[in-house]
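To keep things clear, I will list the structure first and then write my remarks on it.
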2 protein chains.
Amino acid sequence: MSVATESLGLDEMFGERSSPSKSNSDSRRDILVTAANCFRENGFSATSIDDVAHALRATKGRIYHHFRSKTDLFFAVYRMGMEINFRATEPHTRGDAPALLKLARMSVAHSIALMREQSFQRVLAQGVALHQQGSTTAAQRETLSELIDIRNSYEALFRKAIEAAAQQHKIKLSDPSIASKSFLAVLNSTVFWYSPREDNPHAEQLAIARELVTYALRGIGADMPDEALTFMEQSNDE
Amino acid sequence: MSVATESLGLDEMFGERSSPSKSNSDSRRDILVTAANCFRENGFSATSIDDVAHALRATKGRIYHHFRSKTDLFFAVYRMGMEINFRATEPHTRGDAPALLKLARMSVAHSIALMREQSFQRVLAQGVALHQQGSTTAAQRETLSELIDIRNSYEALFRKAIEAAAQQHKIKLSDPSIASKSFLAVLNSTVFWYSPREDNPHAEQLAIARELVTYALRGIGADMPDEALTFMEQSNDE
DNA sequence: TTGACAACATACTCGGTAGTATGTTCCTCT
DNA sequence: AGAGGAACATACTACCGAGTATGTTGTCAA
């Protein structure tokens with residue numbers, strides 16, 4: 001499902017130790033993907049474990065064999081969604097390209113990953129909502145704030161890139177915090193209105209990403225560098 | 001609660017006929033405000049009617065006397081939230097000010113209303129989520145799409161203002177639809193991270209609104225007109 | 001071959017919750 | 001003054017859904 005687990009340096013961050021039993025990991029992954037779709041369609045608390053099991057053509061037993069509780073399942077889906085984002089974005093933070101170009105490439109990669117993995121991204125949105133609300137147990141609350149930390153570190157990736165670009169290109173950011181929040185708000189907005197077209201949505205997604213990044217960069221007073229889209233040949237897997 | 005119901009032309013849009021019994025309307029309004037807070041804190045399906053009743057220091061009977069179902073209550077809260085937004089924004093769409101100035105004033109008013117009435121705004125966000133998901137009965141589905149229509153007409157208010165400003169100031173919008181979606185995404189982003197400070201949050205909210213509108217306007221290639229904030233003397237009610 | 005364990009399925013409990021049915025109080029109109 | 005209804009509270013039902021306890025099947029290792 002285009003969520004290839006290559007050996008990047010992020011594995012230990014998400015605790016995805018390459019387990020010896022292959023089928024076990026596959027089954028778990030199928031549950032995560034199916035659960036992500038259910039959570040997207042019905043929301044967390046409106047989705048029952050039986051719903052996920054039915055979508056899997058299985059029963060609760062299978063899910064509870066892999067996850068301790070419904071909340072645990074949700075957290076695992078959240079982790080996987082964040083992992084997708086990191087794998088898409090983090091490679092572009094390195095290298096010695098100009099800061100603005102790096103920022104633009106990060107943004108395009110993030111935006112496209114967002115549209116390609118809609119289910120997981122909506123779960124991420126629900127995750128922050130759950131955080132603003134009150135979790136049940138203390139352990140869950142701790143795990144949740146750990147997930148929020150991961151998200152914050154992801155947003156910090158963008159914030160640093162924005163500030164680096166601003167410094168290098170002599171842009172004045174009156175409030176870097178609000179600027180980066182607005183920046184990501186634009187990129188993330190597709191979650192609320194985008195739904196993929198038929199056949200090959202890749203061209204459409206690329207065009208939308210280009211529009212969004214152009215808008216977001218203008219907001220901080222920068223122009224979209226044309227080379228920002230030239231790295232996109234790699235994105236044909238499967 | 002700073003939701004004054006003056007006689008604007010919007011009343012029939014929301015069916016808030018000025019009923020003769022005063023206490024009835026007040027009680028209903030209290031339920032809506034309390035329900036909005038509960039929905040904000042726990043989400044729709046995680047909030048029970050008994051929760052709302054408890055927060056009201058009352059019982060279910062009171063709520064079910066005014067609303068047929070939990071979904072009806074949610075819809076009423078949604079309507080009230082949209083009404084707040086319309087009352088804040090719509091006055092600035094009229095008049096013969098320059099298009100860009102009108103757009104800026106609408107945006108500032110919208111942004112501040114968003115921060116002042118957090119509870120209702122989060123319910124609005126949940127409403128679109130519910131729409132993307134599947135409602136239960138057919139009647140609810142119809143009502144929900146009616147509410148989405150109201151929201152769309154509200155967004156159309158901004159889209160028209162953006163296009164008018166673009167035309168009048170000779171700005172090139174490569175994709176007006178995405179531009180307006182991004183524009184509103186920036187203004188609405190406070191829902192996810194803003195929480196009011198102590199005492200008088202008005203100055204803080206105004207500063208944030210100024211930042212957001214500046215960012216959003218830059219995204220479409222326009223500069224924030226300084227007169228956009230001069231209308232804000234009226235906002236001291238209660 | 002067997003025993004042990006993984007990977008499920010089946011069958012059940014039990015607390016919570018939407019909705020209803022029915023009382024009770026107070027006000028208002030005639 | 002009394003009849004009727006609005007505005008609730010109380011008591012109850014019926015069901016759903018999270019979690020558990022236990023059974024079943026395959027597999028692999030010794």
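Proteins get letters first, then strands, A, B, ... in listed order; numbering begins at 1 in each. All values below were derived from every heavy atom in this structure, side-chain atoms included, with hydrogens, water molecules and symmetry-related copies excluded. Note that the structure is a prediction, hence the values are computed from the model and not measured.
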Gap between atoms CZ and P, on A/F44 and D/dA18 respectively (whole Å): 8 Å
Phosphate OP1/OP2 of C/dC8: any A/T59 side-chain N/O under 4.0 Å: no
Check: B/K60 side chain, B/V52 main-chain N or O, donor-acceptor pair, under 3.5 Å: no
Donor-acceptor contact below 3.5 Å, side chain B/R197 vs main chain B/E204: no
Contact nearer the 5' end of DNA chain D, comparing A/D51 with A/R68: A/D51
Option passing side chain to side chain donor-acceptor pair (under 3.5 Å) with B/N85 (candidates B/H110, B/E90, B/E117, B/Q121): B/Q121
No-hydrogen, no-angle side-chain donor-acceptor test under 3.5 Å, A/T34 and A/N37: no
Side-chain donor/acceptor of A/K60 to base of C/dA9, under 3.5 Å: no
d(CD1, A/I63; P, D/dG17) in whole Å: 13 Å
Sugar-phosphate only, base, or nothing, as touched by A/S45 at under 4.0 Å among non-hydrogen atoms: nothing
Nearest-angstrom distance from the residue atom CD1 of B/I49 to C1' of D/dC15: 17 Å
Atom-pair distance (CG on B/D50; C1' on C/dG15), nearest Å: 13 Å
Proximal nucleotide (of D/dC8, D/dG19, C/dG19) relative to the B/K70 side chain: C/dG19
Nearest-angstrom distance from the residue atom NE2 of B/H65 to P of C/dT25: 17 Å
Phosphate OP1/OP2 of D/dC8: any B/H66 side-chain N/O under 4.0 Å: yes
Nearest-Å distance for atom pair CD1/C1', residues A/I31 and C/dC8: 10 Å
A/K181 to B/Y194 six-membered ring, cation-pi geometry met (6.0 Å, 45°): no
Length of the CG-C1' vector between B/D26 and D/dA6, whole Å: 15 Å
Given C/dA9, C/dT20, D/dT20, the nucleotide with the shortest approach to the side chain of A/R62: C/dA9
Whole-Å distance separating the CG atom of B/L73 from the C1' atom of C/dG19: 14 Å
